[in-house]
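By convention in this document, chain letters (A, B, ...) are assigned in the order of the sequence lines, proteins followed by strands, and residues within each chain are numbered from 1. Only this structure's heavy atoms are used, side chains among them; waters, hydrogens and symmetry mates stay out.
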Amino acid sequence: MIHETPRVRFAPSPTGYLHVGGLRTALYNYLFAKKNNGTFILRIEDTDRKRFVEGAVENLINSLQWCGLEFDEGPGKEGSYGPYIQSERLDIYKNLCNELVSAGKAYYCFCTAERLDALRQEQEQNGKQKMYDKHCCNLSDSEVQANLANNLPYVIRMNIAPGLVVEFDDVIRGHISFNSEIIDDQVLLKSDGFPTYHLANVIDDHMMKITHVIRGEEWLPSTPKHVLLYQSFGWEVPQFAHLPLLLNPDRTKLSKRQGDVAVEDYRSKGYLKEALVNFVALLGWTAGDDREFYYLDELIEAFSLERVNKSGAVFDLQKLSWLNAEHLRKKTSEELLPFLRETMAEKNIPAEKFTDNYLTHVIDSMRERVQFIYEIVENAPYFFSAPQVFDESVIAKRWNEKTPELMQQLVEEFSKLSSNEKEGFETALKVVAEKYTVKTAELIHPLRLSLSGVGGGPGVYDIAMILGKEESINRIKTAIEKIK
RNA sequence: GGCGCGUUCGUCUAGUGGCUUAGGACGCCGCCCUCUCAAGGCGGAGACCACGGGUUCGAAUCCCGUACGCGCUACCA
């Protein structure tokens with residue numbers, strides 16, 4: 001068993017979208033599987049009918065695939081251990097649970113919600129541990145049969161023996177032990193016939209031959225129940241690895257209230273999947289060196305569970321943005337083009353007016369100056385339409401009484417150009433500078449202002465080249481008229 | 001309340017008993033480069049390694065306690 005290839009699973013409940021914390025759990029499972037020639041399985045834990053959300057599974061799978069995390073087995077990709085949706089496995093849970101009852105490891109419980117509430121209230125008042133009192137565990141066979149015959153609603157509970165010490169080794173946290181005294185007789189099968197998470201996850205992990213259970217830290221306290229369950233069934237206990245939590249800036253568990261948590265939110269805000277995956281991988285894991293930039297295949301190569309941290313990590317948007325910029329710069333303008341077109345459409349910029357060639361040049365000139373593609377449209381609107389206003393502070397600083405004449409001369413020189421070569425604009429400008437014995441800066445800044453309306457941005461010759469001779473000349477003329 | 005897990009710059013982290021006057025990255029500040037804005041380069045501020053006891057010649061690193069934080073404590077997952 002030690003040398004068999006690992007089988008791991010990402011087992012979300014379909015609540016409607018993929019949470020970034022879920023993404024990280026999925027990613028670590030994926031990385032671990034791929035690193036070790038293992039199998040990555042997607043299993044849907046939809047045993048809570050009250051939480052059913054239409055389209056949630058499709059959504060989850062879409063987000064996962066967008067991130068590049070392809071699963072080997074799962075819904076729509078049946079392997080030998082399906083179905084992979086728990087609501088389709090109800091008989092399995094019920095049968096196995098009955099075996100537990102027969103073996104005395106579990107029992108029928110007919111307690112009403114009212115009795116349970118009263119019990120908890122009483123225990124709370126007396127300052128005692130809130131636990132089920134095994135009331136129904138003491139029912140005789142005939143009593144149970146009679147209740148069943150009368151169709152009384154029931155659940156099946158785990159029968160946990162007191163005085164045990166439950167121990168296991170967590171790959172990330174080491175040896176952990178619990179006293180069974182404080183482990184409740186957990187409900188295994190609900191009155192609606194559905195299993196609880198605890199039952200379903202143990203049965204499925206065993207039947208799907210899961211070797212490593214890699215999941216969030218919130219499961220750590222219920223792990224002893226799972227260990228006991230494996231033992232009751234007589235099954236081998238898998239390896240556990242409990243991941244640290246992702247946190248809000250105030251160090252509470254990452255939540256909707258304090259920002260975006262869905263992968264699709266980040267996608268629609270213009271983050272590249274490469275950046276999101278890279279960033280999330282680094283929240284709680286490092287290879288141990290100083291490297292921060294990774295592609296997915298490089299993460300696979302470098303990953304190991306043993307190097308996962310124990311403590312929670314704050315989700316830092318600033319660093320995510322930086323990584324986004326890093327990944328942006330590594331992409332070719334051709335790869336970035338669809339993203340630009342997409343944001344142009346969102347901002348109602350007529351696509352047909354701009355050729356791919358034109359936009360590719362725009363991207364080349366702006367890529368070093370933005371963290372997101374949409375910032376090209378926001379920070380350099382002058383590539384999409386002529387400036388309507390000219391920055392007053394730049395006028396004050398760069399535009400003086402002799403500027404109009406100089407600009408007029410530039411128009412003359414530009415007119416002589418036979419192509420839109422960048423060098424042509426540069427030499428033309430230098431001709432004017434020499435003729436009037438002024439520094440090129442005295443032409444460059446007013447020229448930039450004329451072309452863009454602002455004081456910053458790509459090199460002026462680049463802007464002129466991209467806009468072209470005609471458009472540049474028109475803009476200079478307009479500026480001469482408008483700027484007083 | 002009980003149980004469990006955690007605690008190194010604001011944030012992500014390196015560090016597994018001497019190499020550490022605690023290293024890197026994001027962010028912040030300054031300088032350089034420069035037609036501007038970025039990018040890039042260089043430098044700076046920023047952590048008495050939660051606190052208190054041990055163990056040891058020597059501890060961020062091992063042990064114990066305390067504090068704080070978080071998680072769990074459902075017929076939710």
Worksheet item: Can you name the one residue among A:Asp204, A:Asn201, A:Asp46 that meets side chain to side chain donor-acceptor pair (under 3.5 Å) with A:Gln86?
Response: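 Per the side chain to side chain donor-acceptor pair (under 3.5 Å) rule, the option paired with A:Gln86 is A:Asp204, out of A:Asp204, A:Asn201, A:Asp46.
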Worksheet item: Any donor-acceptor pair under 3.5 Å joining the side chain of A:Arg51 to the base of B:C76?
Response: yes
Practice prompt. Tell whether A:Ser191 reaches the base of B:C75 with its side chain through a donor-acceptor pair below 3.5 angstrom.
Written response: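 Per atom types, the contact qualifies.
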Fill in: Selection from B:C75, B:G71, B:U36 that lies nearest to any side-chain heavy atom of A:Arg398
B:U36
Worksheet item: Looking at B:G6, B:A77, B:G2, which one has an atom nearest to any side-chain atom of A:Ile182?
Response: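 Closest nucleotide to the A:Ile182 side chain: B:G2.
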Worksheet item: What pairs with A:Arg291 under salt bridge (charged side-chain N to carboxylate O under 4.0 Å, His left out), at least two apart in sequence or on another chain?
Response: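 Counting only residues at least two positions away or on another chain, A:Arg291 forms a salt bridge (charged side-chain N to carboxylate O under 4.0 Å, His left out) with A:Glu298.
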Fill in: Nucleotide opposite B:C72 in a Watson-Crick or G-U pair, distances under 3.5 Å
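Result: B:G2.
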Worksheet entry | Assigned partner base of B:A22, Watson-Crick or wobble definition, under 3.5 Å |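 Its partner is none (no Watson-Crick or G-U wobble pair with both distances under 3.5 Å).
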For [X], report the nucleic acid contact type (base, sugar-phosphate, nothing); a contact means any heavy atom under 4.0 Å.
{"X": "A:Arg291", "result": "nothing"}
{"X": "A:Tyr461", "result": "base"}
{"X": "A:Arg251", "result": "sugar-phosphate"}

Item to complete: Using heavy atoms to find the nearest nucleotide of RNA chain B for A:Gln186 and A:Pro249 separately, return the residue whose nucleotide is more 5′.
Response: A:Pro249
Item to complete: Determine, for A:Glu434 against A:Lys430, whether the closest basic-nitrogen to carboxylate-oxygen distance falls under 4.0 angstrom.
Response: no
Discussion item. With a 4.0 Å cut-off on N to O distance, would you call A:Lys319 and A:Glu292 a salt bridge?
Written reply: yes
